[in-house]
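Residue numbering restarts at 1 for every chain, and letters A, B, ... go by the order of the sequence lines.
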Amino acid sequence: MNAPADPSTLADPLVVAGRPYRSRLLVGTGKYRDFAQTREAVVASGAQIVTVAIRRTNLGQDANAPSLLDALPASEFTYLPNSAGCYTADEAVRTLKLARELLDGHALTKLEVLGDSNTLFPNVRETLKAAERLVADGFQVMVYTSDDPIAARELEQIGCVAIMPLASLIGSGMGILNPWNLRLIIEQSKVPVLVDAGVGTASDAAIAMELGCSGVLMNTAIALAHDPVRMARAMRLAVEAGRDAFLAGRMPRKLYAASPSSPTSGLIS
Amino acid sequence: MSLTLTVNGAVTRLDPAPATVAELVRALDLEGKRIAVERNGEIVPKGRYASTGVGPDDRFEIVAAVGGG
């Protein structure tokens, strides 16, 4: 279903840290009504990589209460624990080490260090510090960052396995605000570039893929749609369509220069 | 005999006193759950729950995976 496919059957896999994935859509698991809706939306999206957050466990709760990882088992999905809510490199490294322990040594991780609780904009300086420590400790770091091409380059040089610039603010649904910077980052990067944050609807995801992104990561766009499962399906199609359009090589833009699609000879008179 | 610890930010009195992290996890009904444990700022690997002692005024953080983006 959503489990990692046999690499030899994948025509155009997303390769992250040497591992191929059929789906170029990665999804978060937050903001859903319940685990059932989370699962239904994630399955409809076709996503194989799902992000999870790390938080204090509820004590004194029913020991048999289902957990998120029960609804999205490791046999079907690849987990991407994040350091959401962390504002310093220390906090992020501490959180992601706990995540790795929780997931039995799973090395793939999403680094996110915030600089402002209102805008949730990343603190790039702390992100760089955390990335260095995590990479040195053997993590495979997919890093959320600003769309600053120099920061992206430095994160790649540190050894992050994927660069994930924001399209716009987390949870804002404002879409891709600076396709130009995104394009610069894509052109300079040897590791996958995935848009993370700010996607609002299907066309945003398609545009990201048409620009040449390797993938798109989103959460709110699906979870807060009026019909999350339907939007998850739309996003799946949008990422595929955008990828196909990118690989097909678009026609050139001709500003103010029209050219008819039908013959100009043989007209009746 | 009881023991007072801080678990997830809350001062907790446990009676009987857990001697090891394994006993603490059991006492909190977390045995077999997918969690990670930090004792006084250091991660206690799952394989060392039974061999890691618990002392008075220890601070524990016990975390799990939850929904997030």
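Proximity to chain A (any heavy atom under 4.5 Å) is restricted, for B:Ile43, to the side chain, taken from C-beta onward. At a 4.5 Å heavy-atom cutoff, A:Phe35 makes no contact with chain B through either its backbone or its side chain. If you measure heavy-atom distances from A:Lys31 to chain B, you find no contacts under 4.5 Å at all. Both the backbone and the side chain of A:Leu103 come within contact range of chain B, judged by heavy atoms closer than 4.5 Å. In this structure, the portion of B:Val44 lying under 4.5 Å from any heavy atom of chain A is its backbone and not its side chain. Contact of A:Leu69 with chain B is made through the side chain alone, with heavy-atom distances under 4.5 Å.
Highest contact tally toward chain B, considering only A:Asp104, A:Ile170, A:Leu217, A:Thr220, is held by A:Asp104 [criterion: heavy-atom pairs under 4.5 Å]. Comparing B:Ala10, B:Pro45, B:Ala36 by how many heavy-atom pairs each has under 4.5 Å with chain A, the most go to B:Ala36. No other option in B:Val7, B:Leu28, B:Ile35, B:Val37 has as many heavy-atom pairs under 4.5 Å with chain A as B:Ile35. When the candidates A:Val27, A:Leu102, A:Leu59, A:Val52 are compared by the number of heavy-atom contacts under 4.5 Å with chain B, A:Leu102 comes out ahead.
Side chains of B:Arg13 and B:Ser2: a donor on one and an acceptor on the other come within 3.5 Å. Checked by atom type, the side-chain pair A:Asp70/A:Ser67 shows a donor-acceptor distance below 3.5 Å.
Distance check: B:Leu30 CG to B:Leu24 CG gives 8.0 Å after rounding to the nearest 0.5 Å. The distance from atom OG1 of A:Thr78 to atom OH of A:Tyr21, rounded to the nearest 0.5 Å, is 4.0 Å.
By the 4.5 Å heavy-atom criterion applied to side chains, B:Thr20 and B:Thr52 are not counted as neighbours. A 4.5 Å side-chain heavy-atom check between A:Val216 and A:Leu26 finds every atom pair outside the cut-off.
Under the 3.5 Å distance criterion, the side-chain polar atoms of A:Gln37 are matched with a main-chain donor or acceptor of A:Arg33.
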